[in-house]
Amino acid sequence: MQKYFNCEKVQYEGPESKNPLAFKHYNPEELVDGKSMKEHLRFAGAYWHTMRNALADPFGAGTAQTPWDDGSNSIENALKRVDVFFEFLEIMGMEYYCWHDRDIAPELNDLAASNKALDAVVAKLKEKQAETGVKLLWGTACLFSHPRYAHGGATSPDLNAFTYAAAQVKKAMECTKELDGLGYTFWGGREGYASLLNTNMKRELDHLAAFLHMAVDHAKKIGFEGPFYIEPKPREPSTHQYDSDAAACLNFLREYGLMDKFRLNIETNHATLAGHTMEHELTVAANAGMLGSIDANRGDPLIGWDTDQFPTDIYGTTQVMMVVLGMGGFKTGGLNFDAKRRRESHDPLDLIHAHIGGMDTFARGLKIAHAIREDGRLADFVQKRYSSFDSELGKKIESGACSFDELEKLALNGGEPTLTSGRQEMLENLINEFI
Ligand code: XLS
Ligand code: NI
Ligand code: NI
């Protein structure tokens, strides 16, 4: 038995196992396409949900049982949580993790005191990383919980709030660097607005860009090489969020000359809130060479907010892994379980069950996606669907060397184009052969 969790390290037992505390599909060292499953999937634990989410909802208090936590805002309590979290990672066999500054250490009376608390916890995290080989996938600053950020951090109309946010991000970047973090994330929780009556949108976006350029400069100064990630989300908590979806983020990054240093961190539930599929958002990002990392979770089709549920849908994880394999795998990113248990699942053991489910579902998605790619029929179909563009004329159009005049002449003589089927249902059946 472990010290804080009533279970042993979770082992792979195979699909026949009936043990609820075993992996049925995730076999970390098993090779898929010449690379181990753990290298493909790069699972990360989210400190905020695992250690700090009390499982409250707007109608009731938190239910999570955390016998290790004394409920205080003390540094000792924060240090104790580090031990618990690393035990959890060990049980799961997860080699990466992510944090917000305020999840790992308390916010105290002033910035200097909060920074000092952060230093103490970061020192302990560094020890634990060295002891276990666990790596920091990304760090981030929480610029959305404290009342000072009610109007935003980098987009606040108040210069003092903007200044505070800058100092907080500077420190969080330095802590990420100290822990050899592979990336650093910006999710703009309050970077948006509720009403245009009181908002100068143009000025707020200019400020956000200035803020991110300062982050780029500071990264250079401290030698932080990892990419920055922007995490799109369309609403909640702001009514209108500036980073609403992958396309909006790419447009913003291009407009303000930030494409080099940034990538996107795409989250499933945010994609669906934006009225897109996860597959769509990932494809938009990957097409631009900008898919950096993934927050793995899912929403609920009946609920219109960010329910952050654990991924259990095999179709969903298959689609995700099709895109990830298609781009040649993660470089600095991974699959971060930005997911929480339901309020009714308050026992620490539920954390283990939840992650087993997420990891097994992604393991299946990986194997299925690989099998579909190996089979080749799907890619073949898509390739053939566009094959008329492989002609001389097609090449001319694709290279920008054609004109409307030329095409008009051809259309006048060519007659009616023949219609061919898109065969969507046939392809859906094909996918089901593998699931
Ligand atoms: C909230 C976001 C958040 C980011 C990190 O919806 O998903 O958890 O991942 O700030
Ligand atoms: Ni997220
Ligand atoms: Ni989210």
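Treat the numbers as computed from the prediction; the structure is a model and nothing was measured. Indexing begins at 1, ligand by ligand and atom by atom, following the structure's order.
Salt bridge status for Lys80 with Glu76: absent, with no side-chain N to carboxylate O gap under 4.0 Å. The pair Lys116-Asp110 does not count as a salt bridge, with every side-chain nitrogen at least 4.0 angstrom from each carboxylate oxygen. A salt bridge is absent between Asp180 and Lys135; no separation between the charged side-chain nitrogens and carboxylate oxygens falls under 4.0 Å. Using a cutoff of 4.0 Å between basic side-chain nitrogens and carboxylate oxygens, Glu267 and Lys233 are not scored as salt-bridged. With respect to the salt-bridge test (charged N to carboxylate O, under 4.0 angstrom), the residues Glu95 and Arg42 do not qualify.
Considering both main-chain and side-chain atoms, Asp306 comes within under 3.5 Å of ligand 1 through a nitrogen or oxygen pair. The shortest N or O to N or O distance between Thr140 and ligand 1 is not below 3.5 Å. The shortest N or O to N or O distance between Trp138 and ligand 1 is not below 3.5 Å.
Nearest N/O/S atom of Asp338 with respect to the Ni ion (ligand 2) is recorded as OD2. When the N, O or S atoms of His270 are ranked by distance to the Ni ion (ligand 3), NE2 comes first. Considering just the N/O/S atoms of Asp306, the one nearest the Ni ion (ligand 3) carries the name OD2.
Judged by the shortest distance from any of its heavy atoms, His49 lies outside the 4.0 Å radius around the atoms of ligand 1.
Geometrically, Arg148 engages Tyr164 in a cation-pi contact, judged by NZ or CZ lying under 6.0 Å from the ring centre and within 45° of the ring axis.
Tested against Lys124, the residues Val82, Ile104, Ile75 include a single side chain to side chain contact (heavy atoms under 4.5 Å, CB included) partner, Val82.
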**OP:** Start with the C-alpha gap between Phe310 and His49, add the side-chain angles, then the distance that decides, and say whether side chain to side chain contact (heavy atoms under 4.5 Å, CB included) holds.
**Re:** CA-CA 11 Å; Phe310 278 83; His49 284 310; over 6 Å; no
**OP:** Begin with the C-alpha distance, continue with both residues' side-chain angles, and end with the deciding distance and a verdict on side chain to side chain contact (heavy atoms under 4.5 Å, CB included) for Trp187 and Asp295.
**Re:** CA-CA 11 Å; Trp187 168 60; Asp295 271 9; over 6 Å; no
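Nearest protein heavy-atom neighbour of atom 2 (C) of ligand 1: Glu231 OE2, 3.3 Å. At the top of the distance list for atom 5 (C) of ligand 1, counting protein heavy atoms only, stands His100 NE2, 3.2 Å. In terms of protein heavy-atom proximity, atom 8 (O) of ligand 1 is closest to Asp338 OD2, 2.9 Å.
Under 4.0 Å from ligand 1, not a single heavy atom of Glu236 appears. Contacts between Asp308 and ligand 1, counted as non-hydrogen atom pairs separated by less than 4.0 Å, are absent for every part of the residue.
Vertex the Ni ion (ligand 2), arms ending at OD2 of Asp295 and OE1 of Glu267: the angle is 100° after rounding to 10 degrees.
Of all atoms in ligand 1, listed by their number and element, those nearer than 4.0 Å to a heavy atom of Asp295 are 9 (O).
Within the coordination shell of the Ni ion (ligand 2), defined by N, O or S atoms under 2.8 Å, Glu231 is present.
Contact between Phe362 and Phe337 at its shortest, heavy atoms only, is CD1-CE2, 4.5 Å.
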